[in-house]
Trainee: 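Take a look at the following structure, please.
These numbers come from the heavy atoms of this one structure, side chains and all, not from hydrogens, waters or symmetry mates.
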Amino acid sequence: MLQLKTHSTDFSNAFAQAITKGEPVYISPPPMMGSFPRDKVLKLNKILYGQADAPIIQYDKLRASLEARGFTACKAVPCLFISNKVICIIYVDDCLWVARDSKDIDAVLKSFKEDRD
């Protein structure tokens, strides 16, 4: 067999980290904001999970982050990214990482953590 190492990740609050694009999105204030004027609305700066364009905005953010780390998107399968040592498969905000050496996966994941800190 190939003896490949794998690791799966789920990016917590991934949708809340991506910045909105295109048309501005406004929402009514939630009930817990009792003192907020009822005739006012809130403009979103970040996407919401149920927002129609949320998955593509999140994908674009993750794709840019992977490309900055030397990954290339597969033209036939856009959720497949390949670098010199690691393969990444994306499903919404979950990733499956594959490499010959788990240290290579760990290095990529560490770089994501450093970006967040």
Trainee: Can you give me every donor-acceptor pair (side chain of residues 95-105, partner residue at least two apart or in another chain, under 3.5 Å) with its distance?
Mentor:
{"from": "Trp97", "atom 1": "NE1", "to": "Thr9", "atom 2": "OG1", "distance (Å)": "3.0"}
{"from": "Asp101", "atom 1": "OD1", "to": "Lys103", "atom 2": "N", "distance (Å)": "2.9"}

Trainee: If every non-hydrogen atom of Lys43 is compared with every non-hydrogen atom of Tyr26, which pair is closest and at what distance?
Mentor: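 Nearest pair, atom of Lys43 first, then Tyr26: CB-CE2, 3.5 Å.
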
Trainee: Just list the side-chain donor-acceptor pairs under 3.5 Å for residues 71-90, sequence neighbours left out, or say none.
Mentor:
{"from": "Ser83", "atom 1": "OG", "to": "Lys85", "atom 2": "N", "distance (Å)": "3.4"}
{"from": "Ser83", "atom 1": "OG", "to": "Val86", "atom 2": "N", "distance (Å)": "3.0"}
{"from": "Ser83", "atom 1": "OG", "to": "Val86", "atom 2": "O", "distance (Å)": "3.1"}

Trainee: Measure the CD-CG distance between Glu67 and Asp60 for me, rounded to the nearest 0.5 Å.
Mentor: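 Reported value, rounded in 0.5 Å steps: 9.5 Å.
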
Trainee: Return the CG to CZ distance between Leu62 and Phe112, rounded to the nearest 0.5 Å.
Mentor: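 So the CG of Leu62 and the CZ of Phe112 are separated by 5.5 Å.
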
